[in-house]
**Student:** 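I'd like to ask you about the structure that follows.
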Amino acid sequence: MDYRSLTERASSATAKAEAGFGWLELNPSGKKAAVLLHGVTGGKDDMLVLAEQYVAQGYAVFCPDLPGHGKSKMIDLPDFAALGKWFDAFTHHLGRSIDLIVANSYASAVIYQYLQMGFLSPSTHIILGCPTPKVAAMTVGLTRLGQTMPPRISWYLYNTLPARAFRTKYLYRGQDIASYKWLIESEKRKYDYIAPDVAPKLSAALFGTNNPYDLPPLPPKVQHRITVVIGERDNVINKAGREYLHKILPHATFVSAGPAGHILHFESVDSLVMKNA
């Protein structure tokens, strides 16, 4: 794939900020609509490479920032359900019927919560990239370590060059220079893009007692519209997590992203594209 930076790609999108939401729009007049949602500490620009694939299929594409990221305001988080309501409020603000939702990592949990709350339209298809119902011990340890420090200190340390280098080595399993450059660009942007206390709050909401994946299984008719995509070299999702996903989503379609890791929207963009949708 030819390399163009995320910043360059963003120049072809329209940045919007309304009602507490920040997002990018591409081809807003498209007859079908797709919403692409990034993971925690990522950003809406991260989804641009994938967005362009869906624009080529004729979609109007909307890439929102998670709460507390970019131009999206942070929300109160009494429980994880607040994030499902937040996403529902965003789609209602768009005023479009949504044909497709694609989420990666933490965002997959947000969308799973959204599904659990019965918000899904009968016409909407779902792609969950590397969902995280259970994660590797390394990920849990790093999350808890960050939560033990004052947010400004942990956020500063999180964004130091050694920390970025370690995180990239741990997460990245891509096979080409373009995907690596996109990840580096995304990593460099984080410090000023996200408030220091946002990531700890969002992580605590998921890995606390409100994990949406532990709720009763979704109805089969909803599961049939879900595709789960996981990279074979993902270091974040452990074996138990993969098995658990198959257990709670027996009627969903599971797709391998091949030798990719956890950053599918950079490492394996094609795996998140619904063909002929």
Side-chain angles (χ1 to χ4, degrees), residues 36-42 46-47 50 66 77 79-81 83-84 87 101-117 120 126-147 166-174 183 199-220 222-269 271-272:
L36 316 183
L37 189 58
H38 66 85
V40 69
T41 77
D46 292 355
M47 309 308 288
L50 177 61
L66 281 173
L77 275 176
D79 51 36
F80 200 83
L83 287 162
F87 185 79
I101 299 169
V102 184
N104 198 69
S105 189
Y106 187 95
S108 289
V110 175
I111 301 307
Y112 195 83
Q113 177 70 65
Y114 170 83
L115 302 180
Q116 286 281 6
M117 300 175 80
L120 184 67
I126 304 293
I127 298 178
L128 302 179
C130 48
T132 54
K134 302 179 186 298
V135 297
M138 173 76 78
T139 302
V140 173
L142 291 173
T143 299
R144 290 178 177 171
L145 179 63
Q147 292 170 347
F166 173 80
R167 195 160 55 247
T168 300
K169 185 174 182 180
Y170 178 63
L171 295 174
Y172 181 74
R173 293 293 180 270
L183 180 57
K201 287 180 179 178
L202 293 177
S203 297
L206 177 59
F207 296 122
T209 59
N210 295 297
N211 191 319
Y213 297 109
D214 292 336
L215 295 171
L218 294 166
V222 174
Q223 294 190 36
H224 282 306
R225 286 185 279 141
I226 298 174
T227 298
V228 179
V229 186
I230 302 175
E232 298 300 329
R233 300 176 67 195
D234 192 323
N235 280 335
V236 176
I237 309 171
N238 60 14
K239 180 181 178 182
R242 294 167 188 259
E243 293 175 349
Y244 190 67
L245 286 167
H246 281 277
K247 179 181 177 181
I248 64 174
L249 291 169
H251 304 287
T253 299
F254 282 76
V255 173
S256 170
H262 196 67
I263 317 297
L264 296 182
H265 50 287
F266 292 153
E267 300 177 49
S268 183
V269 177
S271 70
L272 297 177

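Predicted model only: the values in this text are computed from it and were never measured. Any value given below was found using the heavy atoms of this structure, including those in side chains, with hydrogens, waters and symmetry copies removed.
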**Student:** Can you name the residues that form a salt bridge (charged side-chain N to carboxylate O under 4.0 Å, His left out) with Asp46, not counting sequence neighbours?
**Tutor:** Arg189

**Student:** Going by ring-ring contact (aromatic ring centres under 6.0 Å, His included), name the residues that satisfy it together with His262, two or more places apart in sequence or in a different chain.
**Tutor:** none

**Student:** Specify the closest pair of heavy atoms between Leu272 and Gly129, including all atoms of both residues, with the distance to one decimal.
**Tutor:** CD2-CA, 4.1 Å

**Student:** My understanding is that only residues two or more places apart in sequence, or in another chain, count here; which of them pass salt bridge (charged side-chain N to carboxylate O under 4.0 Å, His left out) with Arg167?
**Tutor:** Glu187

**Student:** Identify, with sequence neighbours excluded, every residue that meets side chain to side chain donor-acceptor pair (under 3.5 Å) alongside Thr253.
**Tutor:** none

**Student:** Sequence neighbours left out, what passes side chain to side chain donor-acceptor pair (under 3.5 Å) with Asp214? Give chain and number order.
**Tutor:** Tyr244

**Student:** So do the side chains of Ser105 and Val40 get within less than 4.5 Å of each other, counting heavy atoms only?
**Tutor:** no

**Student:** With sequence neighbours left out, what residues match His251 under side-chain contact (heavy atoms from CB on, under 4.5 Å)?
**Tutor:** Pro220, Gln223, His224

**Student:** Which value, rounded to the nearest 0.5 Å, describes the distance between Ile248 atom CD1 and Leu218 atom CG?
**Tutor:** 7.5 Å

**Student:** Please report the closest heavy-atom contact between Phe254 and Leu249, naming both atoms and the distance.
**Tutor:** CE1-O, 3.4 Å

**Student:** How close do Leu264 and Gly231 get, heavy atom to heavy atom, and via which atoms?
**Tutor:** CD2-N, 4.2 Å

**Student:** Which is it for Leu37 and Met47 under the side-chain contact (heavy atoms from CB on, under 4.5 Å) test, yes or no, and what are the steps along the way?
**Tutor:** CA-CA 7 Å; Leu37 189 58; Met47 309 308 288; over 6 Å; no

**Student:** Before you tell me yes or no, could you show the steps for Cys130 and Asn104 under side-chain contact (heavy atoms from CB on, under 4.5 Å), namely the whole-Å CA-CA distance, both residues' side-chain angles and the distance that decides it to 0.1 Å?
**Tutor:** CA-CA 6 Å; Cys130 48; Asn104 198 69; 3.3 Å; yes

**Student:** Restricting to side-chain contact (heavy atoms from CB on, under 4.5 Å), what partner residues turn up for Arg173, sequence neighbours left out?
**Tutor:** Arg233, Asn235, Glu267

**Student:** Suppose we screen for ring-ring contact (aromatic ring centres under 6.0 Å, His included). Which residues come up paired with Tyr114, at least two apart in sequence or across chains?
**Tutor:** Phe87, Phe119

**Student:** What are the two closest non-hydrogen atoms of Ile230 and Pro131, and how far apart are they?
**Tutor:** CG1-CD, 4.3 Å

**Student:** What do the steps show when you test Ile101 against Ile127 for side-chain contact (heavy atoms from CB on, under 4.5 Å), and what is the final call?
**Tutor:** CA-CA 6 Å; Ile101 299 169; Ile127 298 178; over 6 Å; no

**Student:** Considering only heavy atoms from C-beta outward, does the side chain of Leu171 approach that of Val236 to under 4.5 Å?
**Tutor:** yes

**Student:** side-chain contact (heavy atoms from CB on, under 4.5 Å), that's the test. Do Ile226 and Leu115 meet it? Break it down for me.
**Tutor:** CA-CA 10 Å; Ile226 298 174; Leu115 302 180; 3.6 Å; yes

**Student:** Let me confirm one number: the OG1-OH distance from Thr132 to Tyr112, rounded to the nearest 0.5 Å.
**Tutor:** 12.0 Å

**Student:** Checking Ala109 now: which residues fulfil side-chain contact (heavy atoms from CB on, under 4.5 Å) with it, not counting sequence neighbours?
**Tutor:** Phe80, Leu206, Pro212, Tyr213

**Student:** Using the test side chain to side chain donor-acceptor pair (under 3.5 Å), find all partners of Thr227 that sit at least two apart in sequence or belong to another chain.
**Tutor:** none

**Student:** Apply side chain to side chain donor-acceptor pair (under 3.5 Å) to Ser268 and list each qualifying residue two or more places apart in sequence or on a separate chain.
**Tutor:** Ser271

**Student:** Restricting to non-hydrogen atoms, name the atom on Leu202 and the atom on Tyr106 that form the minimum distance, rounded to 0.1 Å.
**Tutor:** O-OH, 2.6 Å

**Student:** Are Leu215 and Gln113 side-chain neighbours, meaning at least one heavy-atom pair lies under 4.5 Å?
**Tutor:** yes

